[in-house]
Amino acid sequence: MTEQSLETPLRAGAGPVSAGERLAGLDMLRGVAVLGILVMNIYTFAMPFPAYYNPLLMGGTDAVNLGTWFFTHVLFDQKFLSIFAMLFGAGVVLMWERAEARGAGFAGIYYRRMFWLLVIGALHAYLLWFGDILFMYAAIGMLVYPLRRLAPARLILIAVLLMPVALLLSYGNSVYVETVQREVAELEARKAAGETLAGEEQGKLDEWEKTRSFMVPTVDDVQKDVDAYRSGYLDIVAHRAPTVLMMQVAMIPFFGLWRVGALMLLGMALMKLRVLTGERSTAFYRGLMFAGYGLGLPLTVFSALDLYAHDFAILYAFRYGNIANYVGSVIVAFGHIGLVYLVVKTGFVRGLMQRFAAVGQMALTNYLLHSVILTTVFYGYGLGLYASVPRLGQMGFVAAVIALQLIVSPWWLARYRFGPVEWLWRSLTYRRRQPMRREAPA
């Protein structure tokens, strides 16, 4: 979740840009994206993670519950995260191009920047919320940086080749899980019959038990998660740690490297093609919006109906059920991008869009504040509402947080140059304290 502004050189070395060097459209799009991802993240703040993809686990067949899930799945699930990843890649190109234009070295600054984002992401995941994306973005951001010089066509080609790999790995994972399930069933039957299992066989049972609750959760597994997150802070940290470690170890090689990496490369290409700078025509962005929605929404609607028809079975989702939304979410994300830039270029709701731009300028702070606010609302050390608020009610909390950040972000930036976490990140990156107040000399 990196800001898309360049750290420009000062006489004492490199440093952040002035407000005049920012690209307003990027700030607005980033603000829309950071608030858009909250619509899906609320599910993992308020309920056990399996309920994110299976609404039958929390709320059952209730029409309002299913309708809320359907709406968010079609328009939000993976769409705004896709935009975020593209903006990350766009930021790499933007920062590098501006550094090159000034003859300033940038690689060292960039990798320090990613290192500290990695640290912030790890702290966020272990201490606040397991669904952190900063760690993955920082790790993959380090890997894509050497590709920044490639022409847009090559970046797009590599992205198109990378994207399907995650689907192939997902299919393979479903086959593996089914095989393990059969083997475990046989071992458990032998054990129940009084047979003593060999050490390797018992180890296979123990290893499956560690992953079963995440892959194929039972009602008891869900209840254990509910009880854990309704407990105290230290107990929650201990309960969350294995999940965080598993996600950091498995998600990057099995999903992030291919999906997120491809999207970052697409963002680089779109920046070089001046799509994400807002320099294309109004007609272009209108066409992008209609094409994105016209091609992508039928896929995401089909995805929701297909998953419902198969009772949201996780192995079916891994094998076939996630394909339509995996592809459709990227296309719908293009539609969202077209809509935002169309609004920007026509000047519609200008005041509101300026508020989104302020949210985008301090996106890192706002993203982390989502975790601070909503874990306090839902976890046991706060109001303890975990697993007790239905999906539609959760959307009320989303609306409240969005309204709060649309009000507070412009107020803060009228007085300070950066959000508080952005200030810390920049100060660590440049190894010196950055000026914070607006009246301070740049």
Side-chain angles (χ1 to χ4, degrees), residues 1 34 37-38 40-54 57-58 115-139 205-252 256 364-391 393-394 397-398 400-401 404-405 419-425 427-428:
M1 180 178 303
V34 74
I37 64 174
L38 178 58
M40 295 308 301
N41 285 349
I42 188 70
Y43 291 154
T44 50
F45 285 122
M47 300 182 293
F49 179 69
Y52 179 98
Y53 56 81
N54 186 354
L57 291 177
M58 288 283 171
F115 169 77
W116 286 114
L117 186 64
L118 196 79
V119 171
I120 292 170
L123 293 174
H124 176 224
Y126 283 102
L127 301 182
L128 279 176
W129 178 57
F130 76 91
D132 168 78
I133 61 170
L134 303 176
F135 186 92
M136 179 186 296
Y137 276 37
L205 286 181
D206 295 340
E207 187 63 29
W208 169 245
E209 187 61 27
K210 293 178 183 178
T211 57
R212 179 196 54 75
S213 61
F214 187 82
M215 298 289 297
V216 192
T218 64
V219 174
D220 288 341
D221 294 324
V222 173
Q223 187 58 49
K224 288 179 182 178
D225 191 80
V226 171
D227 294 339
Y229 279 105
R230 286 178 177 174
S231 61
Y233 177 76
L234 293 180
D235 291 332
I236 291 174
V237 170
H239 174 77
R240 178 171 53 224
T243 301
V244 173
L245 180 61
M246 183 273 295
M247 291 185 70
Q248 290 178 344
V249 170
M251 285 294 286
I252 292 177
L364 179 57
T365 293
N366 283 320
Y367 173 74
L368 294 174
L369 274 175
H370 294 169
S371 297
V372 172
I373 295 170
L374 292 171
T375 56
T376 302
V377 168
F378 290 106
Y379 289 0
Y381 55 79
L383 299 182
L385 299 180
Y386 193 76
S388 64
V389 179
R391 288 174 196 268
Q394 293 170 31
F397 286 100
V398 170
V401 172
L404 176 66
Q405 294 190 332
V421 184
E422 283 81 1
W423 173 85
L424 175 63
W425 186 21
S427 297
L428 291 170

If we ignore hydrogens and angles and just use 3.5 Å, is the side chain of R391 paired with the main-chain N or O of Y43 as donor and acceptor? no
Using only atom types and a distance under 3.5 Å, with no angle test, would you say the side chain of Q394 pairs donor to acceptor with the backbone of A46? no
Not counting sequence neighbours, list each pair that qualifies as a side-chain hydrogen bond (donor to acceptor under 3.5 Å, both in side chains) and has a residue in residues 45-54. Y52-D77
Pair listing, side-chain hydrogen bond (donor to acceptor under 3.5 Å, both in side chains) test, anchored in residues 224-234, at least two apart: Q223-D227, D225-H239, D225-Y386
Going by side chain to side chain contact (heavy atoms under 4.5 Å, CB included), name the residues that satisfy it together with [X], two or more places apart in sequence or in a different chain.
{"X": "P420", "result": "M362, T365, W412"}
{"X": "L118", "result": "F135, A138, A139"}
{"X": "N41", "result": "I37, F45, W129, Y367"}
{"X": "A238", "result": "none"}

State, to 0.1 Å, how close [X] and [Y] come at their nearest heavy-atom pair, and which atoms those are.
{"X": "V226", "Y": "A387", "result": "CG2-CB, 3.8 Å"}
{"X": "H124", "Y": "D132", "result": "ND1-OD1, 2.8 Å"}
{"X": "Q248", "Y": "A122", "result": "NE2-CA, 4.2 Å"}
{"X": "F378", "Y": "I42", "result": "CE1-CD1, 3.8 Å"}
{"X": "P48", "Y": "M58", "result": "CD-CE, 3.6 Å"}
{"X": "M247", "Y": "F130", "result": "SD-CD1, 3.4 Å"}

At what distance, to the nearest 0.5 angstrom, does [atom1] of [X] lie from [atom2] of [Y]?
{"X": "S371", "Y": "L127", "atom1": "OG", "atom2": "CG", "result": "11.0 Å"}
{"X": "L385", "Y": "T376", "atom1": "CG", "atom2": "OG1", "result": "11.0 Å"}
{"X": "I120", "Y": "F115", "atom1": "CD1", "atom2": "CZ", "result": "10.5 Å"}

One pair to check against side chain to side chain contact (heavy atoms under 4.5 Å, CB included): L374 and L38. What are the steps and the verdict? CA-CA 10 Å; L374 292 171; L38 178 58; 3.5 Å; yes
Is any side-chain heavy atom of V421 closer than 4.5 Å to a side-chain heavy atom of L369? no
In the structure I gave you, are the side-chain heavy atoms of L368 and L134 within less than 4.5 Å of one another anywhere?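 Contact flag for L368/L134 side chains = yes.
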Test side chain to side chain contact (heavy atoms under 4.5 Å, CB included) applied to I373 and L404, step by step: CA-CA 11 Å; I373 295 170; L404 176 66; 4.1 Å; yes
Take L57 and M47 through the test side chain to side chain contact (heavy atoms under 4.5 Å, CB included) and record every step on the way to the result. CA-CA 10 Å; L57 291 177; M47 300 182 293; over 6 Å; no
Y381 vs T375, side chain to side chain contact (heavy atoms under 4.5 Å, CB included): CA-CA, chis, key distance, verdict: CA-CA 9 Å; Y381 55 79; T375 56; 3.3 Å; yes
